[in-house]
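As structure tokens, the structure follows; a few thoughts come after it.
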Amino acid sequence: MKVNNFKYKAFVLGLGATALLSTTSCSDFLDGDIPDQVSAANMTQLEHYRAMLNSLYGGKKVVEYDAKFNWVFNEGAAGNLYNVYQDEGTAFKLQIKESNSILAEGYRAIYGGIIASANRIIHMDMSAAEFGDADKTEIIAEAKLMRAYAHFMATEYWGAVPLILDTDKSAKSSKPLVTRATIYAAVEKDLLDAEAGLPETPAIGTIQPTKYAAKALLAKLYLTMAACKENPSLNKGNANNNFKCADLGYNSDDLYARVIELTTEIINSGKFSLATHKEMFGTQQYDNSAETILAWHHVGGGWGEGSQYQCQMAMESDWSPGAGWGAGKGICYTLYNDFNKQDARLIELSIIANQKYYTQDGTEKVYGKDMLNAIGVLNNVKKFVWGATGVNHFMSHTARFDIVRLSQVYMMRQEAKMLKGGDYATVCSDMSDLNTVLAAHNAKYEKSSMAFYTKLDGKFVNIESVKVGSETYSSRNGSEGFIPTKDKIVGNTGIEMYHTQHRNDFIQELRKEFAMEGQGWFDLKRLYYMTQDGAYHFLKEQDRSCYMVQAPNVEEPAQESDYARQALVNDITWQRVEAGEDGIKNPSGSEETIDVDGFHSNDTWFLPFPADVDVRLGLEIGAAQDFVKAVQDGSYQY
């Protein structure tokens with residue numbers, strides 16, 4: 001049954017696209033005002049509130065989160081998506097600066113879209129409503145659910161952030177940065193209220209989430225908190241980002257036990273079932289899948305409505321009506337290479353060599369032969385790219401993107417079982433939940449044991465006497481299996497290489513299952529909370545400077561027939577620069593560097609605030625303030 005969205009675009013809180021952050025006032029930034037035509041006096045029917053709630057999942061003020069921020073940081077910065085283009089690519093290169101325009105878009109969507117709009121609903125006068133208290137309770141519970149998720153995202157991205165629980169009272173005053181403990185306490189309180197107030201099953205014909213969505217987000221919160229056994233050490237003397245679960249009176253094992261309890265309740269409820277990736281991602285979908293517990297729901301229309309994801313990822317316009325800007329984007333090679341090529345999930349995630357695919361008009365093409373782009377990453381994104389027809393605008397698609405689905409619930413329970421009583425390096429021999437997911441998704445393998453994270457050793461091989469044109473140079477570049485006379489050398493490669501190695505740890509299983517679903521950064525942050533050194537090495541082990549290209553003079557190249565390298569000073573390049581060869585440029589410019597070391601040493605694990613956000617939000621910049629007790633007793637004033 002097709003969900004009736006009641007044209008929620010007309011009810012979007014604060015109609016119209018938000019202005020650029022640098023020209024937006026504080027009140028505009030947090031504006032969730034309900035337009036006159038949907039003022040409280042006119043809000044009489046349940047469907048009116050349903051339309052307002054729907055806007056939290058994909059209305060105009062939320063579009064900016066989907067447009068770029070979500071995949072730029074959750075996939076690019078996490079190392080799942082190879083992309084080196086402009087501001088988008090700086091996340092993949094780990095050179096994230098406060099001037100990055102995409103940071104502002106995400107911050108705006110979270111605070112000016114979800115949080116402000118949810119607050120308007122929570123505090124709205126419902127005296128004119130022609131429905132009962134039970135429905136009013138559900139409305140407030142649903143708004144709290146999304147407010148909680150937005151605050152959770154904010155602190156995972158930026159660390160110490162504002163906690164905004166009442167936009168009316170706080171819009172005209174300065175707002176303090178609060179500790180992560182304060183945010184986690186507020187998220188937990190909202191989610192417990194949502195769990196109590198939401199129904200067991202959604203109202204017919206709606207995208208209403210249920211109490212199981214609240215349980216799933218609580219499990220995600222507790223899993224994150226449990227990872228924080230120690231305060232991050234790389235805080236440059238600033239305590240804003242510090243948190244450990246003891247700050248809220250918990251210990252890790254108790255939190256893992258709670259995760260197991262909540263996820264088991266969801267699994268045993270029988271409300272959801274595992275589905276194949278083809279069923280979930282193979283065709284354009286707005287309605288929930290069998291696995292969907294909570295999702296973004298974007299409704300196509302005109303500019304600034306619906307989802308832009310498809311045109312951003314489609315490798316060419318034949319693949320998406322109007323535009324396809326994904327030619328230079330692909331799954332990071334060390335992730336792609338770790339898949340069994342018969343894994344059914346890979347077929348839905350990535351367009352791979354010698355596979356038959358169909359463009360949006362139904363034309364059959366073979367990728368690697370007659371579908372290869374000039375940029376030639378030879379591994380484009382397929383998940384959520386359907387070649388949909390009948391759209392009103394090429395950047396406005398109707399689509400569902402899951403926030404939590406049943407596979408994630410199984411994987412959260414698996415992670416809690418692995419880490420309870422141990423740590424990230426503890427090898428677990430009960431992999432039953434992971435294997436349930438792998439079997440349901442036709443991955444063609446199972447696992448008998450693994451740890452959450454296991455460090456790779458890397459290979460560093462000295463290669464001498466490399467001939468480039470008529471000249472011979474010496475190079476330290478390479479690894480086992482790397483042939484410099486065949487494998488194209490681009491830029492700077494004097495590092496340990498990992499692109500021939502395969503991972504056997506749980507964080508890699510999370511990447512393979514959820515790549516391009518907006519979860520990668522959250523999973524990586526849990527590793528960072530458990531071991532900053534391990535997270536740093538994990539970034540290096542992704543070998544981001546390696547990507548696939550088409551082998552020269554091969555009509556149908558195999559998917560692993562050639563490699564190129566991006567950035568990181570190449571011995572040969574330097575020698576050619578020093579020799580003064582025509583056309584050989586100095587490769588040391590910062591825009592050419594994949595800066596793992598700088599990212600880690602500067603603690604960019606917490607993203608920098610967007611430029612000028614302190615002015616636009618009226619923030620009190622300084623040490624984060626602890627308001628845990630005020631949140632818990634209800635006296636928090638902002």
Side-chain angles (χ1 to χ4, degrees), residues 8-9 11-15 18 27-35 38-40 43 46 48-66 106-126 129 135-157 161-171 175 178 182-198 206-211 213-214 217-218 221 294-298 403-404 617 631 634 636-638:
Y8 71 70
K9 293 171 290 182
F11 285 84
V12 173
L13 308 183
L15 291 174
T18 308
S27 59
D28 288 339
F29 195 90
L30 289 173
D31 180 24
D33 286 338
I34 300 167
V38 287
S39 64
M43 299 292 288
L46 183 58
H48 298 161
Y49 287 89
R50 180 78 262 145
M52 290 169 54
L53 287 165
N54 286 358
S55 73
L56 296 174
Y57 310 104
K60 280 189 174 182
K61 282 200 166 186
V62 184
V63 164
E64 286 185 304
Y65 183 79
D66 161 83
Y107 210 98
R108 232 182 352 249
I110 289 172
Y111 277 96
I114 304 169
I115 292 173
S117 299
N119 281 334
R120 292 302 188 214
I121 296 170
I122 291 167
H123 298 291
M124 190 172 178
D125 178 5
M126 298 189 193
D135 288 322
K136 293 176 184 177
T137 297
E138 289 185 8
I139 289 167
I140 293 172
E142 187 171 340
K144 285 187 175 182
L145 177 82
M146 292 308 294
R147 183 175 72 178
Y149 185 56
H151 277 121
F152 174 81
M153 289 193 294
T155 199
E156 291 311 298
Y157 293 133
V161 291
L163 173 65
I164 309 296
L165 300 183
D166 190 338
T167 305
D168 277 337
K169 288 195 295 185
S170 62
K175 286 152 284 297
V178 303
T182 301
I183 296 289
Y184 288 148
V187 170
E188 181 185 35
K189 190 172 189 295
D190 269 354
L191 290 177
L192 289 171
D193 287 349
E195 181 185 17
L198 286 169
T206 73
I207 59 172
Q208 181 185 31
T210 67
K211 61 176 65 271
L217 291 185
L218 275 169
L221 171 67
L294 181 65
W296 305 110
H297 289 85
H298 297 278
I403 296 171
V404 183
L617 272 179
V631 167
Y636 182 77
Q637 60 180 314
Y638 295 98

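Y157 OH to F152 CZ: the interatomic distance, rounded to the nearest 0.5 Å, is 9.0 Å. A distance of 13.0 Å separates NE2 of H48 from CG of L53, quoted to the nearest 0.5 Å. Atoms CG and OG1, from N54 and T206 in turn, are 7.5 Å apart once rounded to the nearest 0.5 Å. Atom CE of M153 sits about 12.5 Å away from atom CD1 of I183, to the nearest 0.5 Å. Note that NE2 of H123 is 3.5 Å distant from CG of D166, once rounded to the nearest 0.5 Å. Here the CG atom belonging to L198 is positioned 11.5 Å from the CD1 atom belonging to I140, to the nearest 0.5 angstrom.
Residues passing the salt bridge (Lys or Arg N to Asp or Glu O under 4.0 Å) test with E195 are K215, sequence neighbours excluded. Partners of E156 according to the side chain to side chain donor-acceptor pair (under 3.5 Å) rule, which considers only residues two or more places apart in sequence or in another chain, are Y184, Y529. Residues satisfying the side-chain contact (heavy atoms from CB on, under 4.5 Å) criterion with A150, sequence neighbours excluded, are I110, I114, I115. With sequence neighbours excluded, the residues satisfying side-chain contact (heavy atoms from CB on, under 4.5 Å) with A295 are N288, T292, H297, R400, D402. For E142, the side chain to side chain donor-acceptor pair (under 3.5 Å) partners are R50, Y57, not counting sequence neighbours. With sequence neighbours excluded, the residues forming a side chain to side chain donor-acceptor pair (under 3.5 Å) with N119 are R147, T167, listed by chain and number. In this structure, Y149 has no ring pair (Phe, Tyr, Trp, His ring centres under 6.0 Å) partners at least two apart in sequence or on a different chain.
When side chains are defined from C-beta on, M52 does not count as touching R120, because their heavy atoms never get closer than 4.5 Å. Using a 4.5 Å heavy-atom cutoff, the side chains of I403 and W296 are in contact. Residues I139 and L46 are in side-chain contact: their nearest non-hydrogen atoms beyond the backbone lie under 4.5 Å apart. Two residues are said to be in side-chain contact when any heavy atoms from C-beta on lie closer than 4.5 Å; L145 and D190 fail this criterion. Considering only heavy atoms from C-beta on, L294 comes within 4.5 Å of M146 through its side chain.
A donor-acceptor pair is defined here as one N or O able to donate and one able to accept, closer than 3.5 Å; no such pair exists between the side chain of H298 and the backbone of V62. For the pair Y111 (side chain) and P162 (backbone), a donor-acceptor distance under 3.5 Å is present. Within the 3.5 Å criterion, the main-chain N or O of A186 finds no donor-acceptor partner in the side chain of Y636.
Of all the heavy atoms in T137 and G197, the pair that sits closest is CG2-CA, 4.0 Å. Shown here for A143 and I122, the closest heavy-atom pair between the two residues is CB-CG1, 3.6 Å. Of all heavy-atom pairs spanning K61 and G112, the tightest one is CD-O, 3.1 Å. A pairwise comparison of heavy atoms in L56 and S117 identifies CD2-CB, 3.7 Å as the closest pair.
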- Intermediate values then yes/no, side-chain contact (heavy atoms from CB on, under 4.5 Å), H151 and L165: CA-CA 10 Å; H151 277 121; L165 300 183; 4.2 Å; yes

